[in-house]
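Inspection log for the structure reproduced underneath, given as structure tokens.
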Amino acid sequence: MKPPDFDYVAPTSVDGAIKALGSDSEAKVLAGGQSLIPLLAFRLAGPSLLVDLARVDGLDHITDQGDRLVIGAMTRQRRVERDPLVANRCPLLAESLRHVGHPQIRSQGTIGGSVAHADPAAELPGVVLALGGRVHVTGPAGDRTIESEELFQGFLSTSIADGEILTAVEVPASGPRTGWSVVEVARRPGDYALCGALCQLQLDDAGAVMGVHLGLIGVGDRPMRAHAVEAAVLAGANPADAAELAPDGLSPSSDVHASSDYRLHLATVTSRRALTQALERAA
Ligand SMILES: Cc1cc2nc3c(=O)[nH]c(=O)nc-3n(C[C@H](O)[C@H](O)[C@H](O)COP(=O)(O)OP(=O)(O)OC[C@H]3O[C@@H](n4cnc5c(N)ncnc54)[C@H](O)[C@@H]3O)c2cc1C
């Protein structure tokens, strides 16, 4: 299929992009195009104007802010995956990127595009939610920050308003004795996960778990945080017992790829494996 007709602009500043977006109620932001262009080709989206962020100044950076990493929205996924600072300070993010599609897709796809697209099976929204990250957005009314708990509203839906642009993604930097793990089940390497668990935890000096973050993808209309599992781990449960709580509050739908029951089973299995590996890495 060929995309429907659309106009195209490539502003060089965030202000210019906001103005262009505001000029047309059917305008859409174009980042790496790895989700939007297929949607256009299948005519599942039909914007009258594409506002390409590729030339906008200041959106491609990885900044160390001490206890946080701030990553510009247009930073390509492949750059984030290979960046030594990210590998050191947020290894969960680095590892999760290796599960995103294929290298060619990651060379074009951006971190901001993936988070704004909010696919419930996508790794980057899952990591941002699991770690309690946030996003920075700019719009006609100015700048604001959205916490990850408020960001993901449903299937491909976020609280970023029409006319706003996501400018940066912020994640906490990990401390000492941190372990992490990404465990997914997908039909083929590079496919979106049927279910995935994204885990980061930290041990105290005595070797007890002092903090745990567990995100689940592919098991709902948005990425989910496994609060019940986290609470059990903090209370001293072992990975196998804690992971039994992973299906709590989940009601994934069945589709041609997997039944709801199978996805719930995978939530337990991937959680157990991710917790186990994260504990081994932290020790
Ligand atoms: C074959 C294939 C396999 C894939 N497999 C995976 C996978 O396993 N896991 C995974 O997570 N992803 C996967 N992807 C998707 C890929 O990660 C995309 O790069 C990502 O979903 C979107 O990022 P993008 O930069 O390409 O955004 P685009 O496609 O350009 O935009 C996506 C959406 O986000 C909006 N948007 C983009 N940037 C902004 C911004 N800064 N502010 C506001 N709105 C914005 C756009 O308007 C659009 O609605 C796959 C893609 C393909 C083609």
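For ligands, and for the atoms within them, numbers begin at 1 and follow the listed sequence. All values reported here derive from a predicted model rather than from experimental measurement. Excluded from the calculations below are hydrogen atoms, water molecules and symmetry mates; all remaining heavy atoms, backbone and side chain alike, are included.
- Residues passing the side chain to side chain contact (heavy atoms under 4.5 Å, CB included) test with Asp83, sequence neighbours excluded: Ile62, Leu85, Val86.
- The immediate protein surroundings of ligand 1, defined as residues with any heavy atom under 4.0 Å of it, consist of Lys28, Val29, Leu30, Ala31, Gly32, Gly33, Gln34, Ser35, Leu36, Leu53, Ala73, Gln77, His99, Val100, Gly101, Ile105, Gly109, Thr110, Gly113, Ser114, Ala116, His117, Ala122, Glu123, Ile165, Leu166, Gly190, Asp191, Tyr192.
- Salt bridge present: Arg225 and Glu230 bring a charged side-chain N and a carboxylate O closer than 4.0 Å.
- Every side chain to side chain donor-acceptor pair (under 3.5 Å) that Glu147 has, sequence neighbours left out, goes to Arg134.
- The existence of a salt bridge linking Arg98 and Glu123 is excluded, since no basic side-chain nitrogen approaches an acidic carboxylate oxygen closer than 4.0 Å.
- Not counting sequence neighbours, the partners of Ala274 by the side chain to side chain contact (heavy atoms under 4.5 Å, CB included) test are Ser181, Val183, Ala197, Cys199.
- Under 3.5 Å, the side chains of His136 and Glu170 contain a donor-acceptor pair of N or O atoms.
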